[in-house]
Number of protein chains: 2
Amino acid sequence: MTSDTSIARPSSRTGETWTIAQVAEEFDVTHRTVRHYEDLGLISPERRGTQRVYHRRDRTRLSLILRGKRLGFPLEEIRTIIDLFDAPRGRRTQLEYVLGQIDERRTDLEQRLRDVQDAIAELGEFERRCRDDLGRLDHV
Amino acid sequence: MTSDTSIARPSSRTGETWTIAQVAEEFDVTHRTVRHYEDLGLISPERRGTQRVYHRRDRTRLSLILRGKRLGFPLEEIRTIIDLFDAPRGRRTQLEYVLGQIDERRTDLEQRLRDVQDAIAELGEFERRCRDDLGRLDHV
DNA sequence: CTTGACGTTGACGTAAACGTAAAGCACTAT
DNA sequence: ATAGTGCTTTACGTTTACGTCAACGTCAAG
């Protein structure tokens, strides 16, 4: 909208970094939301001076956060989950802990899977009844 | 725990009604939660004098509410959804409205279905990598 | 008739997830 | 030099979904 020619925009200079405005728009959230996630430790963008610089890693995390939200997880729990992906995994104890966590999460997700499937099924059944009613209204 | 013999408990006298304590325990929520749902118009138990009397209908609604919550829907939205099931459906306009709503909900739910499936898949992939790491630690 | 056990209505408190100014820096375009 | 655009922090406000007393009603048992 403003001049967009010939100037070195702070944007794709590096080709792989983004400003807060760019990620906010891309993921359809506000700056405030993005910063809030940072406050809670869900993302930690680089700082160039005072400004935040977002990398691919941050965007990956953001999409994980938003999916987690769509699934109804609280942000704190989302943090522990996506932190899992970046966990050390060096020692055996660590790996076994991580595998345990994975199992917990899967159990949870499978419950949600059933919930969604049930809800969709009920909706389908309900739609059928409505269409029946509609059909009866037609050929009176 | 207290005396449980020979007295007409307020419970299954009618065989099909429940007290707030009973439904609360059955669904593993507090009285406060149940009353909160009533305040928001999600359930509307019968009143016998000042006391609330819950019927099968209320329990059905409660389970729908709790599933909706597990799926991350806000209570207000849950209300409009489950109210849909009890909507009049008499006139054609009503039926078409309801069918439209059903479609909106289904779209939403199908998004969530994809989200859950993706999340489970990613978790599986991640577990595989962890097991690989663990295997490498084994036969050193 | 008093004591529980259970139920009721306020009403204030709280945690989560942001919204919404307010006020100030940094750059650069005119 | 100044205005504009974008980013920053600080901080109080708001909504949702209940938690947590407080204070009182009721009914059967001892």
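Computed from a prediction, not measured in an experiment: that's the story for all the values here.
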About how many Å separate [atom2] of [Y] and [atom1] of [X], when rounded to the nearest 0.5 Å?
| X | Y | atom1 | atom2 | answer |
| --- | --- | --- | --- | --- |
| D58(B) | I43(B) | CG | CD1 | 6.0 Å |
| D115(A) | L71(A) | CG | CG | 11.5 Å |
| R61(B) | R57(B) | CZ | CZ | 5.0 Å |
| I82(B) | L62(B) | CD1 | CG | 8.5 Å |
| D103(A) | E127(B) | CG | CD | 6.5 Å |
| I81(B) | Q101(B) | CD1 | CD | 9.0 Å |

Taking 4.0 Å as the cut-off, does a side-chain nitrogen or oxygen of R52(B) come that near to OP1 or OP2 on dT8(C)? yes
Can you see if the side chain of T19(B) gets near the phosphate of dC6(C) - specifically, an N or O under 4.0 Å from OP1 or OP2? no
Can you tell me if R91(B) has over 12 outside heavy atoms packed within less than 6.0 Å of its CZ? no
Is D86(A) atom CG crowded by more than 12 heavy atoms from other residues, nucleotides or ligands, each under 6.0 Å away?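 Atom CG in D86(A) is packed in, count exceeds 12.
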Think R32(A) forms a cation-pi with Y37(A), using NZ or CZ under 6.0 Å from the six-ring centre and within 45 degrees of its axis? no
If I take atom [atom1] in residue [X] and atom [atom2] in nucleotide [N], what distance separates them, rounded to the nearest angstrom?
| X | N | atom1 | atom2 | value |
| --- | --- | --- | --- | --- |
| Q22(A) | dC7(D) | CD | C1' | 13 Å |
| E25(A) | dG6(D) | CD | C1' | 14 Å |
| D39(B) | dT8(C) | CG | C1' | 12 Å |
| R79(A) | dA17(C) | CZ | P | 11 Å |
| R48(A) | dT8(D) | CZ | P | 13 Å |
| H31(A) | dT10(D) | NE2 | P | 18 Å |
| I20(B) | dT26(D) | CD1 | C1' | 16 Å |
| E46(A) | dC7(D) | CD | C1' | 16 Å |

Work out how much the helix from dC1(C)-dG30(D) to dT30(C)-dA1(D) bends between its end axes, five pairs an end, to the nearest 10 degrees. 20°
Tell me, do H55(B) and E46(B) make a side-chain contact under 4.5 Å, heavy atoms counted?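 Of all side-chain heavy-atom pairs linking E46(B) with H55(B), at least one is under 4.5 Å.
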Per-nt protein contacts along nucleotides 19-26 of chain C (heavy atom under 4.0 Å; B base, S backbone sugar-phosphate only, - none) come out as BB------
Report all interatomic pairs (protein N or O, nucleotide N or O of nucleotides 15-17 of chain D) with separations under 3.5 Å.
from, atom 1, to, atom 2, distance (Å)
dA17(D), OP1, L75(B), N, 2.8
dA17(D), OP2, L75(B), N, 3.4

Can R112(B) and D108(B) be counted as an ion pair, charged N to O under 4.0 angstrom? yes
